[in-house]
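Inspection log for the structure reproduced underneath, given as structure tokens.
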There are 4 protein chains.
Amino acid sequence: MTNKRERILNAAEHLIAHKGFQGMSMQQVAKEAEVAAGTIYRYFKDKESLLRCVHEERLQEVSLALLEGVDTQNPCFEQFRVLWQNCLHYLLSNADCLLYRVQYEASPLFTREEEKCMDERYFKPVFEFFERGRETGLFRDLPSDLLGFLAMESLMLLTQRHTRGCIQLNDAILDELMDAAWNSILKR
Amino acid sequence: MTNKRERILNAAEHLIAHKGFQGMSMQQVAKEAEVAAGTIYRYFKDKESLLRCVHEERLQEVSLALLEGVDTQNPCFEQFRVLWQNCLHYLLSNADCLLYRVQYEASPLFTREEEKCMDERYFKPVFEFFERGRETGLFRDLPSDLLGFLAMESLMLLTQRHTRGCIQLNDAILDELMDAAWNSILKR
Amino acid sequence: MTNKRERILNAAEHLIAHKGFQGMSMQQVAKEAEVAAGTIYRYFKDKESLLRCVHEERLQEVSLALLEGVDTQNPCFEQFRVLWQNCLHYLLSNADCLLYRVQYEASPLFTREEEKCMDERYFKPVFEFFERGRETGLFRDLPSDLLGFLAMESLMLLTQRHTRGCIQLNDAILDELMDAAWNSILKR
Amino acid sequence: MTNKRERILNAAEHLIAHKGFQGMSMQQVAKEAEVAAGTIYRYFKDKESLLRCVHEERLQEVSLALLEGVDTQNPCFEQFRVLWQNCLHYLLSNADCLLYRVQYEASPLFTREEEKCMDERYFKPVFEFFERGRETGLFRDLPSDLLGFLAMESLMLLTQRHTRGCIQLNDAILDELMDAAWNSILKR
DNA sequence: TATGAATGAGAGTTCATTCAT
DNA sequence: GATGAATGAACTCTCATTCAT
């Protein structure tokens, strides 16, 4: 059953998130996934491959979550609002995801080419949204990936801190933060 | 002699920077510090303790770099500009520093309390700058750590991507980014 | 169908020959035989049993090759010549065979009793040839297995070295070597 | 102490001889040498390196044993006799040696170049003896390595079988075998 | 104090064997 | 009979830590 593959992926992500990149051993993944150590190797060539798959599966999941309910017919700010809120909620309810992600990106596994390819595959519509905003003169004259970065990326670090308890968030603050994000990309 | 302690710390930092968090073995640290493996344990309880010390040294270094040339007599934007530029240049010339940082923060070594304590110790003047801006009504009505976060934190991810070649930066873009950071914290 | 047993044996033999004794895994045998891994265990108790069967098949093959064209009506030297040449050509064209053999004989699989039994079963005519030579006073007064050993066994090591390129052989040398073998068993 | 290195080498050789090449695990070597597993890696880079060292140490030992008491002033046959007897006695009292050796030579570790280099280093005087015999017209017109092979190599397989109990040896038989070896290399 | 040889637990990975289907 | 997913023990090798010197 693909069930096992899923369990292994989840276990790996969870372990990375909570014990750090080097705290994730294949033995522990097996234990947490309630699977024999050797079983992992039926689904993944080796540890590196497992980590890459965790990454890709996650990216795909995030991209779906991000775009849910975003309607290109809507006014630009409305689209932005949904995008930003989707991102926030996904990150808040998937704490493991970001903890694992920053570590993955800092690791030697991460390569520019592969990342570009993933962006292309999963986040094209997001970049297109920023591109359109730029072309209409609403957003700053920056490449769409930088606009996206400005608007959304800090959410990752932010929710990470929130999850760890370093930062307190409430609705008023979140509104303020969304407004800050929106203002950071608007053309002056 | 405290000389040895210093050499061990430097060796550890150097290794982390060049081989990554998991590329630093006690054996290698000993070798690079030209010290016997056992000697490390005279100065540091264990690996964890050594890593914590490296971390603290790093934070201190960063804080000094950040504040260099920031004069509280200057206009607020000027102070911000220097702060932001200092941060940018430090991060650009210490690319590996962040690679280790995300791993450190995600590792079990990291605790909220200790981090708060470090912030207090080393980054007080930075937070005070944002606090002053908030009190004068120039900045958004957000806690100073959040203001600091909005203004500066994304630089870490940004320079990391630049270093990896995922993003191209030039002076025009950097000006735009600084302006974006500034606008994101300004009260509307 | 016995067809499968055959395919498994062939696959095992082929793998040993090409990847060495330890290069033969049950998984690979299954794959090469186009059979499920579990199926092997319907035909062979375990890996050891499979290896023993491969060994016996090999011995039978060798014995047939050795005796081909040996006519007990012919003069003694002529019989020897054919025997020796058969041995040489078999070994030269089955280089891998010996590589596996020394490992088999050194492994715990190998037992004296079973080997004696195999000799009896497959190499009786060869021993009988040497026995006749001894009884007629032509050959040295040594047990027939030792005579056979003197005359033929070193061919195994010799061809092994030739295959590896440690030794150059040509027709003149081979004639000389056969003469040496013949002279080593002749009574003085 | 070098004592440990020695113990590891002996344990490795003993295990190869008795459990086969694949029966020798680093764990078992450690156990038999009464050493921790990690200790092996202080003396040998990896398993391959350990095996190569076993081989070279053994070759050196054999070469010393072979040449003991061989006096180039003596008559040729006398030199041969001592050489052959030395070889016999060494092999009979070092059963492990040959069991390991054939396996080593059949393994992928073994390379022609290295072997040639070893022969050069350790067995030069032996080859020179056969070379002299050939030049004086006493021995067959064969390369010295082949003469040596004819005269001595089969002793390895022979004593191996004796050790395993497949063959019974006594003084009369041994005299006969030495005579056979001598006759096999003499020019007709 | 300082050393570095020694330790042994644990890392990633393989593979003979089993068993529910 | 046949399958092949699953198992888990055992493999090679690393490394944080200790301790006799």
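Both backbone and side-chain heavy atoms feed into the values below; hydrogens, waters and symmetry mates do not. Chain identifiers are assigned alphabetically (A, B, ...) following the order of the sequence lines, protein sequences preceding nucleic acid strands; residue numbering begins at 1 within each chain.
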Separation of atom [atom1] in [X] from atom [atom2] in [N], rounded to whole Å:
{"X": "Gln28(D)", "N": "dA10(F)", "atom1": "CD", "atom2": "P", "result": "10 Å"}
{"X": "Arg42(C)", "N": "dA16(E)", "atom1": "CZ", "atom2": "C1'", "result": "17 Å"}
{"X": "Ile40(D)", "N": "dC11(F)", "atom1": "CD1", "atom2": "P", "result": "12 Å"}
{"X": "Lys31(A)", "N": "dG8(F)", "atom1": "NZ", "atom2": "P", "result": "14 Å"}
{"X": "Met26(D)", "N": "dT14(F)", "atom1": "CE", "atom2": "P", "result": "10 Å"}
{"X": "Lys19(C)", "N": "dC15(E)", "atom1": "NZ", "atom2": "P", "result": "10 Å"}

Open item on the list: Measuring to OP1 and OP2 of dA5(E), would you say a side-chain N or O of Lys4(D) lies under 4.0 angstrom away?
Closed with: no

Open item on the list: Please confirm whether the shortest side-chain N or O distance from Tyr43(B) to OP1 or OP2 of dT1(E) is below 4.0 Å.
Closed with: no

TODO: Tell which nucleotide pairs with dA20(F), taking only Watson-Crick or G-U wobble pairs whose two distances are both under 3.5 angstrom.
DONE: dT3(E)

Open item on the list: Should the side chain of Gln27(D) and the base of dA10(F) be counted as holding a donor-acceptor pair, with the cut-off at 3.5 Å?
Closed with: no

Open item on the list: Go nucleotide by nucleotide along DNA chain E from the 5' end; which of Ala36(B) and Lys47(A) gets its closest nucleotide reached first?
Closed with: Ala36(B)

Open item on the list: Both Glu34(B) and Lys45(C) contact DNA chain E. Which one's nearest nucleotide lies toward the 5' end?
Closed with: Glu34(B)

Task: Nearest-nucleotide 5' precedence on DNA chain F, Gly38(A) against Ala37(D) - done: Gly38(A)

- [ ] Give me the ring orientation class for His55(B) and Tyr104(B): parallel if the planes are under 30° apart, tilted from 30 to 60°, perpendicular past 60°.
- [x] parallel

Open item on the list: Test your reading of the model: is there a side-chain donor-acceptor pair from His18(C) to the backbone of His14(C), 3.5 Å cut-off?
Closed with: yes

TODO: Could you check if a side-chain atom of Arg58(A) sits within less than 4.5 angstrom of a side-chain atom of Asn94(A), using non-hydrogen atoms only?
DONE: yes

Open item on the list: Does Ser25(A) reach a base, just sugar-phosphate, or nothing at all? Heavy atoms under 4.0 Å.
Closed with: sugar-phosphate

